Structure formats: C-alpha cells, structure tokens
Amino acid sequence: MSQSKEKFYITTAIAYASRKPHIGNTYEVIMTDAVARFKRMMGYDVYFLTGTDEHGEKIEVLANDAGITPQTYVDGVSGEIRKLWDMMNTSYDQFIRTTNENHVKVVQHLFKKFYDQGDIYKDEYEGWYCVPCESFFTETQALENGKCPDCGAQMTRKKEEAYYFRMHAYQDRLLAYIESHPDFIEPESRKKEMINNFIKPGLQDLCVSRTSFKWGIPVTFDDKHVVYVWLDALTNYITALGYDVDEKGALYQKYWPADVHMIGKDITRFHTIYWPIFLMAMGEPLPKKVFCHPWFLFGNDKMSKSKGNVLYADQLVEKFGVDGVRHYCLAEMPYASDGNITIESLIKRYNADLANNLGNLVNRTITMTKKYFDGIIPAPNAEEPLDDELKTCAKQTYDGVVNAMNTYHVADAVEILFGLYSRANKYIDETAPWVLAKDESKKARLGTVLYHLLETIRLGACLTAPFMPATADAIFKQLGCDNRTYAWGGLTAGASVGEPEVLFARIDEKKMIAEIEEEQKENARAAAIANAALKEAPQKGKEEPAAEPIQPEITFDSFMKNDLRCALVTACEPVAKSDKLLKLQLDLGGESRQVVSGIAKCYQPDDLIGKKVILVANLAPAKLRGVESCGMILAGGEDDHIKVVFLPDDMPLGTRIR
RNA sequence: CGCGGAGUAGAGCAGCCUGGUAGCUCGUCGGGCUCAUAACCCGGAGGUCAUGAGGUUCAAAUCCCAUCUCCGCAACCA
C-alpha cells in the first residue's frame, strides 16, 4: 500500500425488481463487468456497483396480484436478479437494494434537505378529476366541458398536492456543464437529443412525490406522500457509498464522483438531466461520464414478452456457457446502434471465435508441447526474423485493446484481441512444427516456435480475463502458469504445461437450431396451458400476471348502457403525424360517424374498408391528435398485437349488439 | 416542417470527427496443410460506399446542400 492507486467508480443502472431481466438487461451488467475487470487489470482501484430498484406502483400491483407483500415480492425478484448476475460471473463490489434501510434513510434526509433549501416545493396540482375513475386528467386529455375521457362522466376541478423539484432553476448551469464537458454524455447523439429535446425548450419542474400508491419511501414530514421513483432510484449511486447529508462516509469520499454510469439509452434523460441537477442541489460533484449503451434486438424486433421473443441469459448459458454468452454480448453489440441477437449468429460466433480460433489454437499448441517435448516448456533459443512479426502483433494487440476499452469500444477490443489468436494460428502454419519435428537437427527451432506460441497464448489469456474470466483461468491452467503480466517472455522454460482440454466444443448448428425450435414450441405450449389455466381460475400467478385482471362485477342493466352497433367501414386513412392512429368513416345505417382508433400499427386502411365492426355508439366524443372521434370500435390486445372484432358481412347495419 | 441517428459486397459491422489505395467477421468458390475441436493457412469472386451526370476540392464513403427509406426519442394509443 505504498502508492495509492487511482480510483475508478463504475455503476450499472439498478435493475427494476418487477420481473426477471432478459438478455438485453443482462448485457449491461456483462459489459460493465468487462470494463470493471479491465480497469482492475490496468491497476485501478475499482469499485463496481450494481443492484435493484424496488419501489413503485407497478411492484405494488404485482405483489397485490400475487397476494404477497411488496417486500416479499421484491426480496424474491431481487434475489433472482442477483443470482443471475452471479451466474454471469460479474465482479460487482456491492449489490445495493433501494429497500435497504440506509438507502431509505438517506433519501428521506435528502428530500428534507431539498425541501428546506427550497429546491422542493409543495404545490397543488389542479386538474380535472374523475371521481368514479379516481384519476386526474390534463386539459388536453379532458373532453369538452370536462367530461372524463375514460368513462364520460362529468369531472370536477380538483386540487391534489404534490411535491415538485425546481429543475428549471438549474437549467442554465446544467447546460453550461454539459457544454463544457464534451465527454459527459456518450455517445454524442444522445447528448444532442437531451439538449435539443429537453434542456433548451426549458425544463419542467419534476414531480417527486406521489400519493396514489404506498410502496415507496415515505416523506418524513408529510406521510401521505412517498418519494417518487427517480429521486429514490438515482441516489443509490451515492447511498451505496455511505453518503449522507451531513456525514459523507469514507467510501464516498474515496470514490465519488463516479467515473462512469453505464445505462441503457432509454433512461438517458434521468441520468443526464435529473441526476446531475440533484447533485448540484446537494452541492456534490457530477459524474464524469454517462455512457448510454444501445439495446439488443431479437432479429429486428424489440424484445418483448407479448411478442414471445424474449431471451434470458440463463437459458442461453445452458447452450453456450457463461463465457459463450459473455463473449457474444461483448463482441456483437455495436458501439452506438442497436445490436441483433439471433440464435444463428450466436452459434456462428461461438464456433468461429471460441471453438475454431481460440479453443483449437490452445488445444493444438498444448498437444504439440506434450507430443514433442513431453509437456516441458522449451527454451526459445533459435529465433528467426519471422518471430518478430508475432511479437509485434502481441504488442499492437495490447495497445489496441487498451485504446478501445478506454473509450468503451468493447466490441472493437474483443475483435482486436481475437486478431492475436488468429495471428498465432497463422504462425503455426508458417513454421509448420510437424515438419520441424521430423528433423532432429531442428529441435531447437521447434522448441522456439512452441515457446512463442505458448507465450502468445499466455498474453492472449491476460487480455481475455476481463471478457471471459473463467476461460482465462482455464487457459492459464493448461499452460501450467499463472503469470498475468503482459510482457513478452513471462513463461518459464523448463516448467510443465497442464493437460490439454477442449475449451469450447464445436456446436452443430443444425442440430442446435432444431433443438431450440423444439424447446420454443414446448415453451409456447406451456405458456398456452398456463394462460388457459389463468383464464379459468384467475388466481394469482407470481410471475407475470399475464391476463388483465377481471373487472368488478356489473349488472346487466349497467352493461346495457353500452350501445354497441354494427357499422360498416366506408373510408379509412391514417391520422397525420401519428403512427398509431387511423381515422375511420363508419356507416351504421343512415347515420355516419367518424372514429379515430389506435390500430395503425396492426391494420392498413385497406384491411378495414368494407368490413363490419362493432361501434360503441354512445361513447362521449373525444379529440385525438386534433381529430374528432365519435365513438370507438371494439378490438382486443395491445400495442403491436391488436385485433379488431369483425362482424359477419350479412349483419344489417345498425344492429344492436349485446 | 418536433429532435436525433442510420443507409458501405449475400448477412452483420468498422472507416466519416482529423478528405488521398474501401476494411473486418460470417457465408461462398478454389487451393494448401495434417499438430489440432471436419479445425488451421493462402487465394478468388462479390461494393458506382441510399439517391442527386448537386456543391467545395487537385482529390469525397469521408465536408456542404437537397431528396428518399429505415430506426430511436418525444407526442399520440377511446
């Protein structure tokens, strides 16, 4: 401990403990881990923080559905997430949970402090309030004369109290900071997005408390309120270090400000606007960098439960191993644009990089050492000019990897590293050890070649450690050496290598794809059965309350208030500047109606024209995107999976449906 | 005219900031080798770098302008 090492504080976003994270979420932890391990290797004193975000309405609802307390729910999910991170061999120093007692206490202190110093103020939110729906609606949502957009009832003007954070007051300081720290937000495009979309138009004060649900950190001086999400979640980065309002703590003093927050691009706004402003209000320094990584898509689709295309890390680990999955994620994700996961590319990359290039190289080299030298590492005393190329490559690989990693171009770093293994394979071809072995007089040369190969593999293993720690260990074991210093000549001649073992067995692509398809069918079947079971007995499934809960019972009379009619779609066109809305002209036998419907993602106008649909004929009119909508047509599903209910062609127009 | 990004060989990407032989991986075709996991090595084919007989320049994938298409964010989702 003579020299204090330079510190490096790195964090992932905390994962929302509502459900098991998919491979896209897992990517973030893997990537952050690779950087953390790399920095440790470079001699930094690294502190790597990850954890779970455990409050909020959604979790409250999920727990209720499951019939358990939110705390119990969150204990389960958080534990699962942590297990997943552990399985992926991530080297975090701390796993924080926002239900952690200390975190809760500090958030409360901060809230109070902000309130006392005038950054947080209590205001009355005034808006239209619908009593039956127990909800607020904005001016633009409300229908004419203040009718409820949900149920059509007459709403009242109502005031509700809420706490707001004076974001606006810090706007200029934030902009100045971002502009004077060009590296603060990366990639660059995200920075522009933030500045142009949010900061320059003027920051809105942020609502930082809620009264509509209970599962959150209570505001100490006003117990109707709980602290709303981001003030709670973001502060994990410092509460984890023991920060408190009047007692900063040793870890905090040592590690703050963060060197980099690794986050998904979807939460850029919170990390590059609100979080810095909270810190300014605390009088604390801002993080040095927020790196907004892209997302993994499945094929070309966003991964989503409803599309049934979600991949989970543990599932992939079964097929490809921990390092197979780590390697794929790290090598495949581009720097700024979204990456695509497909099973085919997973297999291809696994075979090409891991089995053929790296695995086979190690295997053939160790085997030759066994075969020609009884496993004793020979001395390199018959060098030839050709060898310099290999050494130069090793040197350049190091520089290249360091360079790429320092700018978080992880995929580039991996590619450069594998270039070294590739060069070593070529070296075998150039030197043809099996030919040298036939000539006793070339023994010294043969030994030199093998030494160079073993040494190159050793150096490669040093650099592989941050990406695939277990594989690096396995390579060192086969080399019979654990010298992880990146300098040519670290292997000791005369020592013994270990036993050759296959690092990555080749995967039969066709066979595995067939296997996976089979599993997916099975999963689909299981899901279908589970869904059916849910419908019959709407009990509480813990994971994924897939079906929307059944609404409270109503009487026949109240149902009959809905006037449903058979109507013909006579014309249909998209609504300008909207990607979900279609404007439909309906004929219900004499009367015609204009209706706007949010189904454009699923239907083309031509799909609808000439079809008969069910119209809710007595729904209060509304304006959508400025277009008048008088009624709605019945459809099921959400987002990208909406199905309109069509009626038989021979049903007369205007027929009442019940 | 909301903001931003992207369009480069069959596929996936790099190069663009700091103009000057268009590169990598997979696939494909041909050859070599046998130490090794049917692996490894070499070579070929395949690109008018979205479009504009546009602008700047001795020189444009790279800088500027216009158009088209896709994506993300925002808005909208009766």
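All of these numbers come straight from a predicted model, not from anything done at the bench. Just so it is clear, the values below take in all heavy atoms, side chains as well, and ignore hydrogens, waters and symmetry mates.
- Under the salt bridge (Lys or Arg N to Asp or Glu O under 4.0 Å) criterion, A:Arg593 pairs with A:Glu591, sequence neighbours left out.
- Counting atom types as modelled, A:Asn360 pairs a side-chain N or O with a base atom of B:A36 as donor and acceptor under 3.5 Å.
- A:Ile267 has its CD1 atom 13 Å from the P atom of B:A74, to the nearest Å.
- A:Lys191 has no carboxylate O lying under 4.0 Å from a charged side-chain N of A:Glu186, or vice versa, which leaves the two without a salt bridge.
- Relative to the side chain of A:Lys265, the nucleotides B:C40, B:G72, B:C35 differ in distance, and B:G72 lies closest.
- Take the nearest nucleotide of RNA chain B for A:Gly359 and for A:Tyr427: the residue whose nucleotide is more 5' is A:Gly359.
- Computed from coordinates, the A:Ile347 CD1 to B:A39 P distance equals 14 Å when rounded to whole Å.
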Problem - Residues A:Met512, A:Tyr350; criterion side chain to side chain contact (heavy atoms under 4.5 Å, CB included); working and verdict - result: CA-CA 12 Å; A:Met512 182 173 286; A:Tyr350 179 96; over 6 Å; no
Practice task
Step by step, work out the salt bridge (Lys or Arg N to Asp or Glu O under 4.0 Å) result for A:Lys370 and A:Glu499.
Solution key: CA-CA 9 Å; A:Lys370 282 270 178 195; A:Glu499 287 306 307; 2.8 Å; yes
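- Taking every heavy atom of both residues into account, A:Ile263 and A:Glu28 meet most closely at C-OE1, 3.6 Å.
- Here the side chain of A:Arg506 is nearest to one of B:C41, B:A36, B:U37, namely B:U37.
- In this structure, A:Glu332 places its CD atom 15 Å from P of B:A11, rounding to the nearest Å.
- A donor-acceptor distance shorter than 3.5 angstrom exists from the side chain of A:Asp323 to the backbone of A:Thr471, with no hydrogens or angles considered.
- Rounding to whole angstrom units, CG of residue A:Asn351 and P of B:U37 are separated by 15 Å.
- Nucleic acid contact class of A:Leu361 (heavy atoms, under 4.0 Å, all strands): none.
- Residues A:Asn360 and A:Arg506 bring no donor and acceptor atom of their side chains to less than 3.5 Å of each other.
- A side-chain donor-acceptor contact under 3.5 Å links A:Asn357 to the backbone of A:Phe418.
- Note on ring orientation: taking the six-membered ring where Trp is involved, the planes of A:Trp230 and A:His271 are perpendicular (angle over 60°, cut-offs 30° and 60°).
- Judged by closest nucleotide on RNA chain B, A:Arg423 is the one of A:Arg269 and A:Arg423 placed further toward the 5' end.
- B:U8 and B:G46 have their C1' atoms separated by 13 Å, given to the nearest Å.
- A distance of about 14 Å separates the P atoms of B:G72 and B:C13, rounded to the whole Å.
- The CD1 atom of A:Ile416 sits 19 Å away from the P atom of B:C13 (whole-angstrom rounding).
- Spacing of C1' atoms, B:G52 relative to B:C68, comes out at 11 Å, to the nearest Å.
- With P as the reference atom, B:G5 and B:G44 are 38 Å apart, rounded to whole Å.
- A cation-pi arrangement is found for A:Lys443 relative to A:Phe373, the charged atom lying closer than 6.0 Å to the ring centre and inside a 45° cone about the ring normal.
- One atom, OH of A:Tyr350, and another, P of B:A39, lie 14 Å apart when rounded to the nearest Å.
- To the nearest whole angstrom, the two P atoms, one in B:A39 and one in B:C26, are 12 Å apart.
- Summarising the geometry, the separation between CZ on A:Phe270 and P on B:C73 is reported as 12 Å, rounded to the nearest angstrom.
- In this structure, A:Phe504 reaches the bases: a heavy-atom distance under 4.0 Å links it to at least one base atom across the strands shown.
- Applying the 4.0 Å criterion to OP1 and OP2 of B:A36, one finds that A:Lys371 has a side-chain N or O inside that range.
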Identify the pairs formed between an N or O of the protein and an N or O of nucleotides 24-30 of chain B at a distance under 3.5 Å, and give each distance.
{"from": "B:C24", "atom 1": "O2'", "to": "A:Glu415", "atom 2": "OE2", "distance (Å)": "2.9"}

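- Across all strands, A:Asn356 comes closer than 4.0 Å only to sugar-phosphate atoms, never to a base (heavy-atom distances).
- A donor-acceptor pair shorter than 3.5 Å can be found between the side chains of A:Ser345 and A:Tyr328.
- Using a 4.0 Å heavy-atom distance criterion, A:Ser345 is classed as making no nucleic acid contact.
- Relative to the side chain of A:Asp429, the nucleotides B:C41, B:A36, B:U37 differ in distance, and B:C41 lies closest.
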Practice task
Go ahead and write out RNA chain B as dot-bracket, 5' to 3': ( ) for pairs within the strand, [ ] for ones crossing earlier pairs, | when the partner sits on another strand, dots for unpaired; Watson-Crick or G-U wobble, both distances under 3.5 Å.
Solution key: .(((((((.[[[[.)....(..]]]].(((((.......))))).....[[[.[[..)....]]]]])))))).....
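- Separating the CG atom of A:Asn357 from the C1' atom of B:A38 is a distance of 17 Å, rounded to the nearest angstrom.
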